[in-house]
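Reading through the structure tokens given below for one structure.
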Amino acid sequence: MTRPIAISDSANFYVSAERIFDPTLRGVPVIVLSNNDGCAVARSDEAKALGIKMGAPLHLIRDKVEAHGVRVFSSNYTLYGDISRRVVAVYEDYTPNVEVYSIDECFLDFGGLKDRVAHAKSMRHDVLRRVGMPVRVGIAATKTLAKCANDIAKKNPIFSGVLDMTDPTLADWLLPLVPVGDIWGIGRKTEGKLRRIGINSAADLRAMPLRQARAMGTVMLERTVLELQGEPCIAFDDVEPQRKGMAVTRSAGTPMLDFETVFEALTAHATRAAEKLRHHNLVAGTLTVFFHTNRHRADKPQYTGSRTTRLIPMTSDTFDLVAAAKRCALAAWPNTGEKLYAFTKAGVLLDDLLPFEQRPRTLFDVPRGSPRLMTALDQVNKRFGKKTLILASEGMSRSWQLRADHRSPRYTTRISDLPVVR
DNA sequence: TCTGGGGTCCTAGGACCC
DNA sequence: TCTGGGGTCCTAGGACCC
């Protein structure tokens with residue numbers, strides 16, 4: 001038999017992270033908003049019970065929020081990232097192999113254990129005691145089955161947060177309980193297709209002929225069927241893969257009406273992208289810029305601008321990226337009258353990433369950009385705080401900057417954010 | 001008034017080659 | 001009259017994930 005895999009995920013991760021430091025949030029409805037305070041992306045159980053859906057726009061649920069005194073937070077990624085690292089550190093005490101899958105989920109190698117359930121339970125208690133984060137664990141022969149087990153444990157308190165579904169007989173009993181749309185890898189479109197032919201649960205999908213799965217979906221659907229049958233197709237992978245692209249995109253707090261403002265935002269995004277590249281010791285070969293108007297406003301003029309350019313030689317230099325972004329933005333700018341469009345979102349995408357050492361050299365490999373200046377820039381901004389040194393083209397008005405009206409203190413990473421106790 | 005951000009993988013189809 | 005076949009590479013777009 002293959003090595004059992006566990007997946008551990010945090011309950012309502014962002015909300016639980018907020019609750020660690022503010023006990024008054026426990027037992028009451030809490031939501032955490034997406035960037036720009038747009039949508040609810042995390043909800044406490046109490047908020048879910050009020051009927052607040054995942055991704056609900058704040059302006060559409062305002063009444064409910066006010067009527068029930070829902071506590072509202074802007075997202076505080078600095079805090080969540082730090083809590084996530086602490087949770088992973090506990091997992092690492094319980095298994096030699098951890099695959100960090102997302103900010104709140106890890107796959108764990110649970111091979112060679114005598115009593116997997118006891119092991120998972122003590123891990124769970126330890127995460128709660130040492131970090132304050134409630135987690136749930138699903139265990140099975142494949143990743144997809146482990147996700148199913150986790151889903152069942154989440155919805156049925158009888159399992160106390162741990163379900164080991166390694167036993168096939170148990171899987172026979174439980175898989176009919178998992179709706180087909182809740183299976184890992186089955187999204188809205190595929191769910192629709194499957195339900196139309198009478199496949200409604202994980203047990204149904206497991207029984208689907210492979211050829212039919214391949215024909216209806218892609219190899220991905222075929223793989224999902226095999227995984228449900230207990231045959232691993234998605235490898236356990238605890239080495240971080242080489243990332244292929246990165247993006248910095250933001251909605252604007254207020255609409256951007258002219259080129260200067262859009263370019264200020266793009267300067268900030270390209271600057272941030274360059275910082276991320278240097279932090280990972282990467283260079284990029286392609287840069288794309290885009291900006292668009294509000295798609296939810298059919299009554300307003302719509303425009304999407306987008307241009308891609310090669311970066312030769314490949315670079316992580318802020319000045320190079322900002323210059324390339326400006327060329328793209330100018331080329332994509334609408335040549336109609338100014339201020340016709342209200343742009344609400346802009347972004348910089350980088351592709352063809354390579355480790356700096358593996359970059360292709362030009363004939364004479366003339367040093368490009370200003371590596372020492374970039375090092376100095378990064379050091380100053382690290383020591384004196386983000387955005388201490390910026391390019392002038394980022395501007396000072398920051399009218400495009402996003403809203404975050406409800407952000408909690410960065411309790412674990414910024415001393416000045418800590419509340420003063422008298 | 002107000003609707004997120006950052007990823008991965010797969011496929012189809014076009015361009016190009018011999 | 002009759003006009004191949006089989007590759008590779010690249011890109012755009014779809015679907016999915018959290």
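Chain letters run A, B, ... following the sequence lines, proteins first and then strands; every chain starts at 1.
- Taken together, the paired segments of DNA chain B that extend over three or more consecutive Watson-Crick or G-U pairs, each closer than 3.5 Å at both contacts, are B:5-18 with C:5-18.
- Partners of A/R307 under the salt bridge (charged side-chain N to carboxylate O under 4.0 Å, His left out) rule, at least two apart in sequence or in another chain, do not exist in this structure.
- Scored by the salt bridge (charged side-chain N to carboxylate O under 4.0 Å, His left out) test, A/R129 finds A/D126 as partners (sequence neighbours excluded).
- Remark: A/T254 pairs with A/S399 by the side chain to side chain contact (heavy atoms under 4.5 Å, CB included) rule, at least two apart or across chains.
- For A/R327, the salt bridge (charged side-chain N to carboxylate O under 4.0 Å, His left out) test picks out no residue, with sequence neighbours left out.
- Using the six-membered ring where Trp is involved, A/Y303 and A/Y341 have ring planes that are tilted, between 30° and 60° apart.
- A search for ring pair (Phe, Tyr, Trp, His ring centres under 6.0 Å) contacts involving A/F73 returns nothing, not counting sequence neighbours.
- Taking the ring centroids of A/F107 and A/W184, they lie under the 6.0 Å cut-off.
- For the segment residues 177-188 of chain A, residues with any heavy atom less than 4.0 angstrom from an atom of DNA chain C are, sorted by number, A/I183, A/W184, A/G185, A/I186, A/G187, A/R188.
- Residues meeting the side chain to side chain contact (heavy atoms under 4.5 Å, CB included) test with A/D109, sequence neighbours left out: A/R3, A/T95, A/N97, A/F236.
- Nucleic acid contact for A/K193: none, since no nucleic acid atom lies under 4.0 Å from a heavy atom of the residue.
- At a threshold of 4.0 angstrom between heavy atoms, the contacts of A/T190 are confined to the sugar-phosphate backbone, with no base atom among them.
- At the heavy-atom level, A/Y101 lies under 4.0 Å from the strands shown only through sugar-phosphate atoms.
- Remark: A/Y77 pairs with A/Y14, A/N35, A/S75, A/Y80 by the side chain to side chain contact (heavy atoms under 4.5 Å, CB included) rule, at least two apart or across chains.
- Within the nucleic acid shown, A/R310 comes within 4.0 Å of sugar-phosphate atoms alone, with no base atom in reach, counting heavy atoms only.
- Heavy atoms of A/R295 sit nowhere under 4.0 angstrom from any nucleic acid atom.
- Taking CG of A/L321 as the start and OG of A/S316 as the end, the distance is 7.5 Å to the nearest 0.5 Å.
- For the pair A/K345 and A/F291, the cation does not sit on the ring face, since its NZ or CZ is not both under 6.0 Å from the ring centre and inside 45° of the axis.
- One finds a salt bridge joining A/R310 and A/D352 here, because a Lys/Arg side-chain nitrogen approaches an Asp/Glu carboxylate oxygen to under 4.0 Å.
- Across all strands, A/D37 comes closer than 4.0 Å to no nucleic acid atom at all (heavy-atom distances).
- Interface limits on DNA chain B: the 5'-most and 3'-most nucleotides within less than 4.0 Å of chain A heavy atoms are B/dC2 to B/dT11.
- Take A/R295 and apply the side chain to side chain contact (heavy atoms under 4.5 Å, CB included) test, not counting sequence neighbours, and it matches A/H292, A/Q302, A/T304.
- DNA chain B lies under 4.0 Å from at least one heavy atom of each of the following residues of residues 225-248 of chain A: A/R243, A/K244, A/G245, A/M246, A/A247, A/V248.
- A residue-by-residue look at A/V219 and A/R62 shows that A/R62 has its nearest nucleotide of DNA chain B further toward the 5' end.
- Taking atom P on both nucleotides, C/dC18 is separated from B/dT3 by 25 Å, rounded to a whole Å.
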